Amino acid sequence: MANTQLSAKLEEIKLSYASIIITMDVEKVFHMTGGVGETSYSRNSSLQKKASEMVKHITLETVEEVYLATKPKSIGIADLGCSSGPNTLSNIKDILDKIEGTSSNKLKQSAPEFRVFLNDLPTNDFNAIFQALPEFHQWLKQKDGSRHENKGTNSNIYVAAYPGSFYGRLFPDHCLHFIYSSYSLHWLSKVPRGLYDEQGNSLNKNSIYISENSPCEVSKVYFDQFKEDLSLFLQSRSDELVSGGKMVLILLGREGFNHVDRGNAFFWKILYQALTNLISKGEVEKEKLDSYEVHFYAPCKEEIEEVARENGCFEVERLEMFEIEKTIGKGISYGTMVAMTVRSIQESMLAHHFGETIIQGLFKEYGRLVDEEMDKEEIRPITFLLVLRKP
């Protein structure tokens with residue numbers, strides 16, 4: 001009897017441990033690499049910057065539409081998944097400039113008070129943003145010296161950090177007018193539970209995402225998690241936005257219903273291959289790789305439309321697909337640039353699961369494999385731009 005009870009207790013502990021691995025990694029571990037070092041997100045987010053620049057005219061048009069429709073004396077703006085690189089305050093500068101220009105040129109009045117909320121997970125390097133604020137306020141002074149003269153860092157612009165998951169409420173009711181989120185919503189709130197059996201073993205042992213080697217139920221489990229997350233995101237934002245408020249959302253996706261393509265899913269396939277190659281060198285344990293899955297989903301256009309329609313909180317004003325033009329940094333290959341970008345995003349999760357010692361060799365191998373594949377055939381990652389309006 002005692003042995004039976006002990007076995008049951010051990011099984012309970014095992015299941016609890018498996019649950020912790022599956023559900024807690026994301027919020028407690030996941031973050032872009034902070035600081036300003038060579039491998040930081042700050043130094044390796046040029047692809048994301050390029051994407052936001054490609055659709056900046058739509059972002060600014062949307063901001064102006066909201067401002068002209070609502071004419072608030074105090075406007076609430078949130079950047080969800082802001083990270084910590086130069087893109088964060090750069091995007092805010094563009095938005096402030098647009099609203100101030102509209103106030104002056106179209107409404108012939110002074111600009112409103114700005115409440116700017118920067119959100120990311122608690123593990124984000126918010127200190128890097130705070131350290132950039134003096135330069136941000138200096139920009140304000142230079143932009144409009146008379147309005148900011150002799151006011152130190154005080155102005156009608158108030159910036160605050162809001163740590164926490166955006167899959168749930170963050171802000172008070174009806175306090176926001178415009179929400180911006182770039183390259184964040186393809187990250188799921190957690191690794192889907194359905195990828196693991198009751199013993200905590202992965203059902204997707206030959207992949208870390210959806211691939212031709214994945215069992216058929218894997219893609220459904222991933223979509224179900226994406227649908228649950230996006231629905232909660234939309235409901236939460238609907239409560240926080242004023243009527244007529246809008247969101248501009250930029251996220252990775254895929255071109256059609258097929259999950260297996262030479263797009264975003266293919267980059268995960270290459271990362272799996274790089275990890276597999278490290279097994280043969282004795283640097284990674286096969287059991288560790290078998291238990292690793294990513295908290296990522298690349299939706300197609302129809303899936304985004306389905307979730308938005310069923311949720312019913314927003315009107316879809318625009319849903320466009322685009323590709324980032326591939327450019328190569330001076331003295332480095334495309335594969336190396338992609339490897340540095342992916343490392344700055346995924347290092348926290350990979351180091352937590354496999355250990356920090358493999359990271360340098362892993363991404364050297366990953367960059368080599370990306371270049372090798374690019375020599376064979378183009379890899380075409382897809383990005384979506386989504387503009388939503390709260391009725």
Side-chain angles (χ1 to χ4, degrees), residues 17-18 21-22 25-26 29-30 33 39 44 186-188 190-197 199-222 225 252 254 258-298 332-381:
Y17 179 67
I21 291 174
I22 295 166
D25 279 359
V26 174
V29 178
F30 182 53
T33 302
T39 62
N44 295 282
H186 44 253
W187 298 114
L188 304 176
K190 56 179 170 283
V191 175
R193 289 178 181 272
L195 291 175
Y196 297 85
D197 63 21
Q199 286 70 46
N201 298 314
S202 173
L203 306 177
N204 194 32
K205 288 185 177 180
N206 296 316
S207 303
I208 58 174
Y209 181 57
I210 305 166
S211 76
E212 62 270 24
N213 297 320
S214 300
C216 58
E217 64 265 30
V218 167
S219 59
K220 182 181 184 305
V221 168
Y222 265 109
Q225 185 64 56
L252 294 173
R254 67 185 195 277
N258 188 5
H259 289 275
V260 181
D261 59 13
R262 289 184 72 87
N264 291 299
F266 198 72
F267 283 121
W268 293 116
K269 181 179 178 179
I270 296 175
L271 183 59
Y272 176 80
Q273 183 59 54
L275 286 162
T276 300
N277 292 352
L278 294 191
I279 292 176
S280 63
K281 297 179 180 179
E283 297 176 20
V284 168
E285 298 174 11
K286 186 178 187 304
E287 293 75 16
K288 282 275 191 180
L289 180 54
D290 286 345
S291 65
Y292 189 71
E293 307 291 340
V294 296
H295 65 289
F296 171 91
Y297 187 72
I332 65 170
S333 68
Y334 177 72
T336 299
M337 184 176 69
V338 170
M340 293 294 285
T341 299
V342 174
R343 176 176 177 173
S344 71
I345 297 168
Q346 278 290 292
E347 182 170 355
S348 60
M349 296 295 284
L350 289 163
H352 178 74
H353 189 83
F354 296 101
E356 295 180 2
T357 57
I358 74 159
I359 298 300
Q360 188 68 28
L362 171 64
F363 283 101
K364 182 177 181 181
E365 178 68 3
Y366 180 74
R368 183 188 70 80
L369 291 172
V370 171
D371 281 331
E372 192 176 273
E373 287 294 336
M374 285 291 289
D375 287 341
K376 298 176 187 175
E377 186 181 346
E378 190 83 356
I379 304 172
R380 299 176 54 241

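This structure is a prediction, so every number in the text was calculated from the model and none was measured.
Under the rule for a side chain to side chain donor-acceptor pair (under 3.5 Å), Asn264 has no partner lying at least two apart in sequence or in another chain. Glu365 is linked by a side chain to side chain donor-acceptor pair (under 3.5 Å) to Asn277, Arg368, counting only residues two or more places apart in sequence or in another chain. For Ser219, the side chain to side chain contact (heavy atoms under 4.5 Å, CB included) partners two or more places apart in sequence, or in a different chain, are Ile210, His259. Annotation: salt bridge (Lys or Arg N to Asp or Glu O under 4.0 Å) contacts of Asp261 (sequence neighbours excluded): none. Annotation: salt bridge (Lys or Arg N to Asp or Glu O under 4.0 Å) contacts of Lys220 (sequence neighbours excluded): Asp224. The side chain to side chain contact (heavy atoms under 4.5 Å, CB included) test applied to Arg343 returns Thr39, Glu347, Ile359, Gln360, Phe363, not counting sequence neighbours.
Between the side chain of Arg254 and the main chain of Ala265, no donor-acceptor pair closer than 3.5 Å is present.
Counting heavy atoms from C-beta on, the side chains of His353 and Lys288 come closer than 4.5 Å. Counting heavy atoms from C-beta outward, Phe267 and Pro381 have side chains that approach closer than 4.5 Å. Counting heavy atoms from C-beta outward, Val284 and Ile279 have side chains that approach closer than 4.5 Å.
Taking every heavy atom of both residues into account, Phe30 and Ser348 meet most closely at CA-OG, 3.6 Å.
Checked against a 6.0 Å centroid threshold, the rings of Tyr209 and Tyr222 count as neighbours.
Side-chain contact, Ser202 with Asp290: no donor N or O sits under 3.5 Å from an acceptor N or O.
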